[in-house]
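Written out below as structure tokens is the structure these notes cover.
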Amino acid sequence: MKVSGDTLLFVFECENGYGQRLLRRAIIDNANKTIKISPDMGKREDGYYASYMPYPFIADNGVIHVVGQDDSEIFTVENDTAFVRTRQHLMDGNSIVPFPLSQYVQDVYMTNPDRYVFIGREPNGGSQYAMTADLTTSKVDTVRQINISPELQTWMPNAGEMIYSGKHNRLAFAYKLHPVIEIFDTDGKIIKSVRLGEDTFDSNTLEEADFEILNIMHTVDVTSTSDYIYALNWACNYSDAANFAPTIYKIDWNGKVIDRYFNIPYPLYRIAALDDSTMIGWTGKDFVLLEKLHQ
């Protein structure tokens with residue numbers, strides 16, 4: 001989920017959707033505690049969608065853009081729901097890349113006009129990297145490899161989410177299967193590795209197709225404001241999440257844990273910070289306004 005002003009953007013999949021993802025926007029009315037959800041974004045007049053896997057991101061001027069996660073094509077949004085091609089890609093066949101990369105991208109942020117940071121992957125289940133893209137030169141470069149240890153190099157056991165702070169010019173990657181959030185600068189230098197619990201990952205489960213289900217989940221979602229990182233931490237298996245009270249950690253961009261919010265009265269699967277006092281959460285069934293969380 002992404003927030004821009006009073007607008008929440010969220011991506012979801014439907015049953016029997018064959019992996020296609022849909023993007024909608026919701027207008028948040030804080031005064032009346034309501035959320036009004038729009039129709040699907042990017043749906044064309046012929047009933048098809050402009051992007052199979054749309055991923056929203058906020059440009060440096062606050063304007064909403066969309067990138068196709070499966071092909072890195074960039075769109076602008078017009079009339080609230082229509083996708084318009086910019087004829088630009090984060091990377092394509094003409095891009096200068098440091099090594100072979102798949103077309104799949106995630107966690108895209110615009111840092112300056114025509115300049116981006118994102119998570120890219122090597123093909124065939126290879127390693128993942130925090131990367132930069134300069135569209136003016138068609139050059140893609142690495143910031144740092146994302147892995148919890150030299151023994152775990154491929155992206156799957158290192159799954160998680162990256163966020164970016166333009167104010168601090170720093171990135172943070174929160175691991176889903178490990179109780180660690182790494183904060184680093186755009187040169188790849190680690191600022192702080194924040195530990196939120198004990199290691200639980202069992203490398204023997206990598207031999208199983210459902211190894212994620214067999215392991216405890218840690219930071220399942222992360223959001224940020226200009227000054228703070230907010231990490232949604234489960235510390236339980238996915239099967240227990242519906243009956244488990246999660247914890248939200250508030251961390252500054254130097255890696256100091258400022259607060260810890262618990263006793264949340266419902267399960268949470270996603271969060272998005274409106275500001276440093278209010279968040280939107282997704283319970284798996286409903287959006288909820290999170291205010292005055294208990295410490």
Side-chain angles (χ1 to χ4, degrees), residues 1-10 25 28 30 55-67 74 76-77 90 105-120 129-136 140-144 146 160-175 180-196 219-233 248-261 270-281 289-293 295:
M1 301 195 300
K2 301 284 184 183
V3 170
S4 178
D6 63 353
T7 299
L8 172 72
L9 300 163
F10 61 97
R25 63 190 297 161
I28 303 162
N30 278 317
Y55 179 90
F57 66 93
I58 312 301
D60 59 340
N61 59 1
V63 175
I64 296 168
H65 287 337
V66 171
V67 63
I74 299 172
T76 58
V77 178
L90 279 183
V105 298
Q106 70 178 61
D107 306 337
V108 178
Y109 292 86
M110 180 186 282
T111 58
N112 284 295
D114 293 325
R115 296 191 178 188
Y116 300 82
V117 291
F118 66 99
I119 291 290
Y129 298 82
M131 311 197 81
T132 60
D134 186 338
L135 272 54
T136 62
V140 175
D141 211 344
T142 58
V143 176
R144 70 176 287 113
I146 301 293
E161 184 176 354
M162 185 176 75
I163 51 177
Y164 168 74
S165 168
K167 177 178 179 179
H168 297 278
N169 197 30
R170 289 179 178 176
L171 300 145
F173 188 88
Y175 292 89
V180 172
I181 298 175
E182 293 176 340
I183 302 172
F184 50 97
D185 63 25
T186 52
D187 291 327
K189 179 184 176 182
I190 286 283
I191 304 299
K192 185 73 177 289
S193 183
V194 184
R195 178 166 287 276
L196 302 179
T219 301
V220 296
D221 199 18
V222 65
T223 184
S224 66
T225 62
S226 58
D227 289 313
Y228 297 105
I229 298 163
Y230 295 91
L232 175 61
N233 190 272
I248 297 175
Y249 288 88
K250 179 180 180 180
I251 305 163
D252 70 19
W253 281 93
N254 291 314
K256 181 180 179 181
V257 177
I258 304 299
D259 278 317
R260 186 173 63 131
Y261 306 112
R270 294 287 182 269
I271 55 172
L274 301 178
D275 52 44
D276 287 319
S277 62
T278 308
M279 276 181 276
I280 294 290
L289 202 60
L290 302 173
E291 298 179 294
K292 300 177 181 178
L293 295 173
Q295 299 180 16

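Along the sequence shown, residues are numbered consecutively beginning with 1.
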Checklist entry - Short question: side chain of Glu161, backbone of Thr223 - any donor-acceptor pair under 3.5 Å? => result no

Item to check | Pair Phe57 and Tyr116, ring centroids less than 6.0 Å apart | outcome: yes

Item to check | pair Ile229-Val194: side-chain heavy atoms closer than 4.5 Å | outcome: no

Checklist entry - Rounded to the nearest 0.5 Å, how far apart are CD of Glu182 and NZ of Lys192? => result 12.5 Å

Checklist entry - Using a distance-only test with no angle check, is there a side-chain donor-acceptor pair under 3.5 angstrom linking Thr225 and Asp276? => result yes

Checklist entry - Distance from Phe173 atom CZ to Thr219 atom OG1, nearest 0.5 Å? => result 10.0 Å

Item to check | Contact check, side chains of Ile64 and Ile58, non-hydrogen atoms, under 4.5 Å | outcome: yes

Checklist entry - Considering residues at least two apart in sequence or located in another chain, which fulfil the side chain to side chain contact (heavy atoms under 4.5 Å, CB included) criterion with Lys250? => result Tyr228, Tyr230, Ile258, Asp259, Tyr261

Item to check | Separation between CG of Asp6 and CZ of Arg25, rounded to the nearest 0.5 Å | outcome: 8.5 Å

Item to check | Minimum heavy-atom distance between Ala231 and Ile271, given as atom pair plus value | outcome: C-CD1, 4.4 Å

Checklist entry - Is Asp187 reaching over with its side chain to a backbone N or O of Lys189, donor-acceptor style, under 3.5 angstrom? => result no

Checklist entry - Step by step, would you call Asn169 with Tyr164 a side-chain contact (heavy atoms from CB on, under 4.5 Å)? => result CA-CA 7 Å; Asn169 197 30; Tyr164 168 74; 3.3 Å; yes

Checklist entry - Can any side-chain N or O of Asp114 pair as donor or acceptor with the backbone N or O of Thr136 at less than 3.5 Å? => result no

Item to check | Smallest separation among heavy atoms of Met162 and Ala130, with atom names | outcome: SD-CB, 3.8 Å

Next on the checklist: I want to check something: taking the side chain as every heavy atom from C-beta on, are Leu9 and Val66 in contact at a cut-off of under 4.5 Å?
Outcome noted: no

Checklist entry - Going from CZ on Arg170 to CD1 on Ile191, what distance comes out if it is rounded to the nearest 0.5 angstrom? => result 4.0 Å

Item to check | Worked verdict on Ile146 versus Tyr175 for side-chain contact (heavy atoms from CB on, under 4.5 Å) | outcome: CA-CA 9 Å; Ile146 301 293; Tyr175 292 89; 3.7 Å; yes

Checklist entry - Between Tyr129 and Thr142, what is the shortest heavy-atom contact and its length? => result CD2-CG2, 4.1 Å

Next on the checklist: Restricting to side chain to side chain donor-acceptor pair (under 3.5 Å), what partner residues turn up for Arg270, sequence neighbours left out?
Outcome noted: none

Item to check | Separation of Asn254 CG from Asp227 CG (nearest 0.5 Å) | outcome: 10.5 Å

Item to check | Leu171 vs Ile183 side-chain heavy atoms within contact, under 4.5 Å | outcome: no

Next on the checklist: Working to the nearest 0.5 angstrom, can you tell me the gap between Leu90 CG and Met110 CE?
Outcome noted: 9.5 Å

Checklist entry - For Leu274, which of Ile28, Leu290, Leu8 qualifies under side chain to side chain contact (heavy atoms under 4.5 Å, CB included)? => result Ile28

Next on the checklist: Determine whether a donor-acceptor pair (N or O, by modelled atom type, separation under 3.5 Å) exists between the side chain of His168 and the backbone of Ser226.
Outcome noted: yes

Next on the checklist: Does atom CZ (Arg115) have a neighbourhood of more than 12 heavy atoms from anything else shown, all under 6.0 Å?
Outcome noted: no

Checklist outcome for this item: Tightest non-hydrogen contact, residues Tyr109 and Lys2, listed as OH-NZ, 3.0 Å

